[in-house]
Number of protein chains: 2
Amino acid sequence: MAVVELFRALGDPNRLEIIKRLSTGKPYTINTVTSGLDISRQGARKHLQILVDSRLVMLETKGRDTRVSLNQKRFDEGKAFILDIERRWDQRLEALRSVVESD
Amino acid sequence: MAVVELFRALGDPNRLEIIKRLSTGKPYTINTVTSGLDISRQGARKHLQILVDSRLVMLETKGRDTRVSLNQKRFDEGKAFILDIERRWDQRLEALRSVVESD
DNA sequence: ATAATATGCAACCATTTAGTTGCATAAAAA
DNA sequence: TTTTTATGCAACTAAATGGTTGCATATTAT
């Protein structure tokens with residue numbers, strides 16, 4: 001299930017912080033998007049790689065530095081999962097309501 | 001950040017399966033909601049506890065067995081996060097578009 | 001009363017994860 | 001051309017995670 005990998009990737013404060021930064025749409029490099037994370041460069045790089053592996057983030061080498069960007073589409077899969085859960089749940093409430101009303 | 005814990009809890013196939021089952025709204029006990037997960041009862045119980053700790057799931061002891069239910073509200077926090085990311089990103093696209101149009 | 005069922009608690013183990021440090025290299029700046 | 005900057009790769013460690021087994025206990029069914 002691809003959505004598991006997505007949630008897994010989002011389930012870390014450093015990675016979520018990277019995602020937040022990228023969501024602004026400002027141009028980022030590996031260096032800038034991981035700056036100030038209170039872990040080493042290599043630690044941050046690993047988190048970034050997890051985001052890349054989960055297809056939430058894309059890298060593009062550009063001379064000396066590497067451009068980092070968000071793959072917005074990927075979020076839709078997570079959104080779809082949550083919406084589906086909520087929809088089913090709402091159906092349950094609806095079913096419950098109709099039973100009550102049939103009395 | 002509470003949303004990290006939420007995503008973290010969702011980032012496991014067994015836990016996601018439990019969530020899916022609960023979303024149907026059918027009544028479940030610890031036993032029934034974890035049945036057939038291909039791990040031991042205690043293993044499944046640990047996953048369930050993680051869902052409880054993340055406030056996605058609620059337990060209520062009822063005699064010999066324990067009723068398990070979904071806390072639908074909690075999903076809204078995850079949805080809100082994703083929607084926020086997407087909104088920011090769309091704003092970026094919008095800003096980009098207006099720059100192009102100003103030429 | 002006895003047996004079966006649904007659960008809890010704790011110890012343990014293997015693997016994964018999050019983090020580090022050290023070293024290497026190509027591109028850009030001085 | 002020398003130095004700085006942005007990056008990569010690999011080895012290592014500590015802690016967390018996912019899983020197990022064994023044993024205990026209260027409730028329900030026979």
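Reminder, nothing fancy here: chain letters follow the sequence lines and each chain counts from 1. As a basis for the values below, the full set of heavy atoms in this structure was taken, side chains included, without hydrogen atoms, waters or symmetry mates.
- Partners of D65(B) according to the side-chain hydrogen bond (donor to acceptor under 3.5 Å, both in side chains) rule, which considers only residues two or more places apart in sequence or in another chain, do not exist here.
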B/S/- contact track for nucleotides 14-22 of chain C, protein heavy atom under 4.0 Å
---SSBBBB
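- Rounded to whole Å, atom C1' of dT7(C) lies 16 Å from atom CZ of R67(B).
- Residues satisfying the side-chain hydrogen bond (donor to acceptor under 3.5 Å, both in side chains) criterion with R64(B), sequence neighbours excluded, are absent altogether.
- In this structure, the side-chain hydrogen bond (donor to acceptor under 3.5 Å, both in side chains) partners of R88(A), at least two apart in sequence or on a different chain, are D84(A).
- For T29(A), the side-chain hydrogen bond (donor to acceptor under 3.5 Å, both in side chains) partners two or more places apart in sequence, or in a different chain, are T32(A).
- When all heavy atoms are compared, the tightest approach of L6(A) to E77(A) is CD1-CB, 4.4 Å.
- Of the candidates I18(B), L48(B), L51(B), V52(B), L48(B) is the only one forming a side chain to side chain contact (heavy atoms under 4.5 Å, CB included) with V68(B).
- If you check every strand for non-hydrogen atoms under 4.0 Å, T61(A) touches nothing.
- Atom OH of Y28(A) is separated from atom C1' of dA6(D) by 17 Å (rounded to the nearest Å).
- With rounding to the nearest 0.5 Å, the separation of CG in D76(A) from CD in E86(B) is 4.5 Å.
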Restricting to nitrogen or oxygen on both sides, can you table the protein-nucleotides 25-30 of chain D pairs closer than 3.5 Å?
| from | atom 1 | to | atom 2 | distance (Å) |
| --- | --- | --- | --- | --- |
| dT27(D) | O3' | R64(B) | N | 3.4 |

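- At a threshold of 4.5 Å between side-chain heavy atoms, the hydrophobic network of Ile, Leu, Val, Met, Phe, Trp and Tyr places L59(B) and L70(B) in one connected group.
- Separating the CD atom of E60(B) from the P atom of dA6(C) is a distance of 18 Å, rounded to the nearest angstrom.
- Rounded to whole Å, the distance from CG on N31(A) to P on dA6(D) is 5 Å.
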